[in-house]
Amino acid sequence: MKILTLSGSTRSTSSNAKLLEGVTLLFPKHDFISYKKIDQLPLFRAEDDAHPWAETVLDWRKKLQDSDAVIISIPEYIHNLPALIKNALEWIASSGELVGKPVLPITFTPHEPRGEKAMQSLCWSLQALDARIVVQLPLFQNEINFEKDNSLTGNESVEMLKEAVKLLIGES
């Protein structure tokens with residue numbers, strides 16, 4: 001199964017990217033593809049959503065099209081999802097790569113209750129794109145630890161993450 005992962009933060013030390021890397025270590029039998037060019041997508045303008053599309057837009061759409069499922073992990077910026085994620089999702093509104101595709105939205109924020117509004121905003125966008133949201137998963141950085149190889153340790157949050165990914169990929 002091909003699973004595309006997308007971090008809503010482009011920082012080199014992004015905890016969201018680190019979390020997604022940790023997920024790949026939990027499921028080594030699956031083919032995870034990390035999309036790391038989100039910051040290279042042009043700013044969406046409806047008049048630019050026509051042939052000839054920018055190569056970065058075509059690459060983004062192809063990566064989504066070729067995936068069987070998607071995991072999106074985001075921080076919360078001013079009580080909302082990061083602008084880069086919104087921009088990326090706008091580029092697929094007319095092309096439909098997420099229609100019916102299973103998606104696992106994750107917020108990964110420092111502590112509770114942060115992330116609630118970002119999750120709501122992300123889910124509204126995913127619903128507008130007709131994605132199949134498998135489950136919403138709010139996670140908190142103060143509950144998950146990373147080993148040197150980025151494997152995940154912690155309390156029940158890591159177990160919840162495992163179960164959410166199993167739902168996404170259809171494993172029981």
Side-chain angles (χ1 to χ4, degrees), residues 1-12 14-77 80-108 115 118-139 150 161-171:
M1 173 172 259
K2 283 180 151 180
I3 304 160
L4 184 71
T5 63
L6 179 64
S7 171
S9 173
T10 58
R11 287 181 334 153
S12 59
S14 165
S15 57
N16 281 270
K18 206 171 176 182
L19 177 74
L20 291 170
E21 187 177 333
V23 168
T24 67
L25 297 173
L26 293 172
F27 296 88
K29 294 181 182 177
H30 293 282
D31 186 15
F32 287 89
I33 299 142
S34 176
Y35 188 78
K36 295 184 179 186
K37 299 178 185 177
I38 191 170
D39 59 340
Q40 296 174 19
L41 288 167
L43 183 61
F44 179 79
R45 294 182 334 165
E47 60 267 22
D48 293 338
D49 192 9
H51 183 75
W53 287 274
E55 283 298 318
T56 52
V57 171
L58 294 173
D59 179 61
W60 165 235
R61 289 176 173 179
K62 178 88 170 110
K63 292 279 194 279
L64 281 170
Q65 183 179 15
D66 291 347
S67 67
D68 299 307
V70 179
I71 302 174
I72 302 172
S73 183
I74 64 168
E76 181 177 78
Y77 294 159
N80 215 322
L81 72 159
L84 288 172
I85 291 289
K86 182 77 165 76
N87 186 58
L89 295 176
E90 287 174 343
W91 275 112
I92 58 170
S94 66
S95 53
E97 286 80 7
L98 282 184
V99 172
K101 190 163 297 230
V103 178
L104 171 58
I106 300 171
T107 51
F108 192 46
M119 178 65 81
Q120 184 179 42
S121 184
L122 177 58
C123 287
W124 283 339
S125 294
L126 292 171
Q127 289 166 352
L129 295 169
D130 292 323
R132 186 168 57 86
I133 298 170
V134 176
V135 65
Q136 301 172 31
L137 187 60
L139 295 174
N150 283 342
L161 177 59
K162 285 180 189 175
E163 291 305 314
V165 173
K166 285 180 184 178
L167 284 172
L168 178 75
I169 60 180
E171 288 184 5

Taking atom [atom1] of [X] and atom [atom2] of [Y], what is their separation to the nearest 0.5 Å?
{"X": "Glu21", "Y": "Ser7", "atom1": "CD", "atom2": "OG", "value": "11.5 Å"}
{"X": "Ile133", "Y": "Leu168", "atom1": "CD1", "atom2": "CG", "value": "12.0 Å"}
{"X": "Gln40", "Y": "Leu84", "atom1": "CD", "atom2": "CG", "value": "11.0 Å"}
{"X": "Ile106", "Y": "Leu161", "atom1": "CD1", "atom2": "CG", "value": "5.5 Å"}
{"X": "Ile85", "Y": "Tyr77", "atom1": "CD1", "atom2": "OH", "value": "9.5 Å"}
{"X": "Ser9", "Y": "Phe108", "atom1": "OG", "atom2": "CZ", "value": "11.5 Å"}

Any idea which heavy atoms bring [X] and [Y] closest together, and the distance?
{"X": "Ala93", "Y": "Leu129", "value": "CA-CD2, 3.5 Å"}
{"X": "Ala164", "Y": "Leu137", "value": "CB-CD2, 3.9 Å"}
{"X": "Val134", "Y": "Pro102", "value": "CG2-CB, 3.7 Å"}
{"X": "Ser73", "Y": "Asn16", "value": "OG-OD1, 2.6 Å"}
{"X": "Ile74", "Y": "Gly8", "value": "CG2-CA, 4.0 Å"}
{"X": "Pro138", "Y": "Met119", "value": "N-CE, 4.2 Å"}

Taking the side chain as every heavy atom from C-beta outward, state whether [X] and [Y] have any pair of such atoms under 4.5 Å apart.
{"X": "Ser34", "Y": "Leu20", "value": "no"}
{"X": "Val23", "Y": "Thr5", "value": "no"}
{"X": "Lys29", "Y": "Glu171", "value": "no"}
{"X": "Val70", "Y": "Lys101", "value": "yes"}
{"X": "Ser67", "Y": "Ile33", "value": "no"}
{"X": "Val165", "Y": "Leu26", "value": "no"}
{"X": "Pro75", "Y": "Pro82", "value": "yes"}
{"X": "Leu89", "Y": "Leu122", "value": "yes"}

Check whether any side-chain N or O of [X] sits under 3.5 Å from a backbone N or O of [Y] as a donor-acceptor pair, and report yes or no.
{"X": "Asn87", "Y": "Pro42", "value": "yes"}
{"X": "Asp68", "Y": "Lys2", "value": "yes"}
{"X": "Asn150", "Y": "Lys18", "value": "no"}
{"X": "Lys86", "Y": "Asn80", "value": "no"}

Is the shortest side-chain N to carboxylate O distance from Lys166 to Glu163 below 4.0 Å?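 Counted as a salt bridge, because a side-chain N and a carboxylate O are separated by less than 4.0 Å.
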
Under the criterion side chain to side chain contact (heavy atoms under 4.5 Å, CB included), I'd like the reasoning laid out for Leu41 against Val57: C-alpha separation, chi angles, the key distance, then a yes or no. CA-CA 6 Å; Leu41 288 167; Val57 171; 4.1 Å; yes

Contact list for residues 50-61, test side chain to side chain donor-acceptor pair (under 3.5 Å), sequence neighbours left out: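 Listed by first then second residue: Asp49-Trp53, Asp49-Arg61, Asp59-Lys63, Arg61-Ser95.
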
Worked verdict on Leu98 versus Ile92 for side chain to side chain contact (heavy atoms under 4.5 Å, CB included): CA-CA 8 Å; Leu98 282 184; Ile92 58 170; 3.6 Å; yes

Relative to the ring of Trp91, is the ring of Phe44 parallel (under 30°), tilted (30 to 60°) or perpendicular (over 60°)?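 Ring orientation, 0 to 90° scale: perpendicular.
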
Phe32 and Ile71: CA distance, side-chain angles, deciding distance, side chain to side chain contact (heavy atoms under 4.5 Å, CB included) verdict: CA-CA 10 Å; Phe32 287 89; Ile71 302 174; 4.2 Å; yes

If you apply the rule side chain to side chain contact (heavy atoms under 4.5 Å, CB included), what do you find for Leu104 with Ile3, and how did you get there? CA-CA 10 Å; Leu104 171 58; Ile3 304 160; over 6 Å; no

